Amino acid sequence: MGNEGRLGRLNSLLRRRGVVLPSYEIYGGVSGLIDYGPVGARIKRRVIDAWIDHWSSIGGVVEVDSPTITPKPVLVASGHVDEFNDHMSECSSCNAVFRSDHLLKDVHENPDSLKAPELDKMIAQSAIACPSCGKSEWGDASPMNLMFPTRIGATRGGRDAYMRPETAQGMFMLYPALFRHFRQKLPFGAMQTGKGFRNEISPRQGMIRLREFNMAELEYFIDPEDPPTPDLGEWGSSVSLLPDPEGPHAGEHSLTFSEALDSGIVKHPTVAWFLALTWEFLVHVGVNPERIRFRQHASTEMAHYADDCWDCELSGEHGWVEAVGIANRTCHDLLSHEEHSGSKLLRGWRQFDSPRTETRDVLAPKGAVIGPAFKDEAGAVTKALSELTEIPDSLPFVLHLADGSKVEITGEMVTRKNEEVTLHGEYFTPHVIEPAFGIDRIIWHILDHGYSEIEKEGGEYTILGLKQTVAPFDVVTLPLFDKDGMGDLARRISSRIDSLPGIQGDMDSSRSIGRRYARADEIGVPWAITVDHASLEDGTVTVRRRDDQAQVRTEVESLLSHLSSGSVGDLF
RNA sequence: GCGAGUGUAGUGUAGCGGUUAUCACCCCACGUUGCCAACGUGGGAACCCGGGUUCAAAUCCCGGCACUCGCACCA
């Protein structure tokens, strides 16, 4: 935690310099919504670009882009409509509000599954005491859906929909297209960056809990029997791990990713790989490695879809904050979408090493008998016969149809056969490992970790120590004075800098040179180049390094090539 | 959502019934300076929103919104 007032000064800086500001401020503002200003939007752009680059580099991963408006059935299948419908009960005596299911923790095994009337009944029957005042006078449980509802269609009618609470469902919807794109071979991944929406009850803590936020998610589809097991030796650093507090490894451990997997703390090799890749990304964009830890969810805390879940937490002015969730979602989503939609396209194909021949008894239907006997139901009967897993020893027998009804099958209707089939492979529902990044929370910690208040010549001085990869500008060009042609030369140099691919410069000619260095330092510009009288004579400029204010004189051409190759530091 | 506190230029603040609304930083122009928030002159910029009380409200009261803290919530 920082010293007293640091948080306030950092927030002031972010507002003053157009990094992050409250939204709609002239109309009073809205809690949980923020704007990225001209400086912040550039930082955000670069963090997202870095994220896409990072995950692209592991191969077999593509970017997709889906709508934020999501039809209700999609979110019913994913479980969000139910899971997001927590109920709240209010104490009529002291007005305190609690989650209804939490009140029933001790009297019901799975209170989360109860409907509102059942909750009310059980709270009354068990005479649950208010944790706040001890009385037992409860109002009715009322639903609290954290999703933003909307409707598709401007006229009457239309379909119920919600703003997406996560981008992940978009990737699941695209699974068939992805499977085709990757020529029907697992593993592969799809990633997406974009907005997610959660109607938080009480957003707090600036950019930590937002109602509309930026997320970046990767869904990595694997064959659960053949998960990728990359070599983790590449990551030699030890990291802080907090395994399940109810499990065998409870307590804080400092281990390499490889050790964490070998010791069984991380259960899944692909999850371990993603923990390492997540750590690498965060450090790459400027998060302080000492302020990163991975915390395993207790089984009781697990999201409805997850099997094993790790949070990557970052420490800053708001304490330890979950910034990335890495979950093994198993086959939950694809299977549930298959069940709800009836689609058969949400599967993977596992080729056998050699074809397998299976023989099995079947009862082959005789269409000529079954058709007239069952008429409209004949199709369902035929289907049920083909799906029989156990062939009855004697006929007639009672067959259960898919709709629950029963029919009697007699000897004339079927032929008992011994069928031989050759199987070259089998269908299965892929499992999904998902790293989900909260971009705003990561940006906050980049800013927090980069913000330093130092003493300079007796005065207070502020530097935002952003890595060049996420700095709002790579370099600022400063004419020592905007006269004698120095301003014109500076503008020409600045324009050449801007034309370098991937490099963005800024220019500042207003007021004293020291003030301009300070302004650039404050928003994290790593390099400043100064055009002075000598520049007019010999085409050299001075390059100043933000972090130690060291200066070196160099040719403009040399500077431009070092900027292009990202090696300005080599000039010093 | 509950309780308490706080809302004054871009930022930090003074004013607490009657002021041309204070000060500093800031921003702009000109001059000066000629490599680390220098200086001079001039200029710019604010009482969260809506009601009420009062001759008069930034100031008192009520409601809303926002922020901070505590409780609750946060897949």
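No experiment lies behind these values; they were computed from the predicted model shown. Naming convention: chains lettered A, B, ... in sequence-line order (proteins, then strands); numbering from 1 in each chain.
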- Message: Counting neighbours of CG on A:Leu536 that are heavy atoms of other residues, nucleotides or ligands and sit closer than 6.0 Å, is the number greater than 12?
- Response: yes
Short heteroatom pairs, N/O only, protein and nucleotides 62-66 of chain B, under 3.5 Å:
unit_1, atom_1, unit_2, atom_2, d
B:rC65, O2', A:Gly28, O, 3.1
B:rA66, OP1, A:Ser31, N, 3.3
B:rA66, O4', A:Gly28, O, 3.2

For nucleotides [N] and [M], find the distance between their [atom1] atoms and express it as a whole number of Å.
| N | M | atom1 | value |
| --- | --- | --- | --- |
| B:rA24 | B:rC30 | C1' | 23 Å |
| B:rC47 | B:rG12 | C1' | 16 Å |
| B:rC69 | B:rU13 | P | 15 Å |
| B:rA45 | B:rC27 | C1' | 9 Å |
| B:rA46 | B:rC55 | P | 30 Å |
| B:rU68 | B:rC62 | P | 24 Å |
| B:rG51 | B:rA57 | P | 13 Å |
| B:rU53 | B:rA14 | C1' | 26 Å |

Protein-nucleotides 35-46 of chain B N/O pairs under 3.5 Å:
unit_1, atom_1, unit_2, atom_2, d
B:rC35, O2, A:Tyr517, OH, 2.4
B:rC35, O2, A:Gln551, NE2, 2.8
B:rC35, N3, A:Thr542, OG1, 3.3
B:rC35, N4, A:Asp532, OD2, 2.7
B:rC35, N4, A:Thr542, OG1, 3.0
B:rC36, O2', A:Lys456, NZ, 3.1
B:rC36, O2, A:Lys456, NZ, 2.9
B:rC36, O2, A:Arg544, NH2, 3.3
B:rC36, N3, A:Arg544, NE, 2.7
B:rC36, N4, A:Arg544, NE, 3.4
B:rC36, N4, A:Gln549, O, 3.0
B:rA38, OP1, A:Arg515, NH2, 3.0
B:rA38, OP2, A:Ser512, OG, 2.5

Does the structure show a Watson-Crick or G-U wobble partner for [N], both distances under 3.5 Å? Name it, or say none.
| N | answer |
| --- | --- |
| B:rA57 | none |
| B:rG50 | B:rC62 |
| B:rC26 | B:rG44 |
| B:rC69 | B:rG3 |
| B:rU20 | none |
| B:rG31 | B:rC39 |

Can you confirm whether the side chains of [X] and [Y] place a donor and an acceptor under 3.5 Å from each other?
| X | Y | result |
| --- | --- | --- |
| A:Asn328 | A:Thr330 | no |
| A:Asp474 | A:Gln504 | no |
| A:Ser240 | A:Glu252 | yes |
| A:Asp532 | A:Ser535 | yes |

Quick one: [X] [atom1] to [N] [atom2], roughly how many Å, whole number?
| X | N | atom1 | atom2 | answer |
| --- | --- | --- | --- | --- |
| A:Arg204 | B:rC73 | CZ | P | 13 Å |
| A:Asn199 | B:rC73 | CG | C1' | 13 Å |
| A:Arg198 | B:rA75 | CZ | P | 8 Å |
| A:Met207 | B:rC67 | CE | P | 14 Å |
| A:Asp508 | B:rC26 | CG | P | 13 Å |
| A:Leu21 | B:rU11 | CG | C1' | 12 Å |
| A:Leu14 | B:rG10 | CG | C1' | 14 Å |
| A:Ile26 | B:rG7 | CD1 | C1' | 17 Å |

- Note on the structure: Of A:Glu200 and A:Gln205, the one whose closest nucleotide on RNA chain B sits nearer the 5' end is A:Gln205
- So which one's nearest nucleotide on RNA chain B is more toward 5', A:Arg15 or A:Ser510? A:Arg15
- Message: For A:Trp310 versus A:Leu241, what's the shortest heavy-atom pair and its separation?
- Response: CZ3-CD2, 4.0 Å
- Task: Dump the intermediate steps for salt bridge (Lys or Arg N to Asp or Glu O under 4.0 Å) on A:Asp482 and A:Arg511, then the final yes or no.
- Result: CA-CA 9 Å; A:Asp482 193 355; A:Arg511 309 212 54 184; over 6 Å; no
- Flag the pair A:Ile463 / A:Arg546 as yes when at least one side-chain heavy-atom distance between them is below 4.5 Å, and no otherwise. yes
- Query: Is A:Arg6 paired with A:Asp448 through a side-chain N to carboxylate O contact shorter than 4.0 Å?
  - Reply: yes
- Salt bridge present between A:Glu313 and A:Arg291 (N-O < 4.0 angstrom): no
- Item | Aromatic A:Phe473 / basic A:Arg42 pairing, under 6.0 angstrom, 45° off normal | yes
- For B:rG1, take OP1 and OP2 only and decide whether either is under 4.0 Å from a side-chain N or O of A:Ser202. no
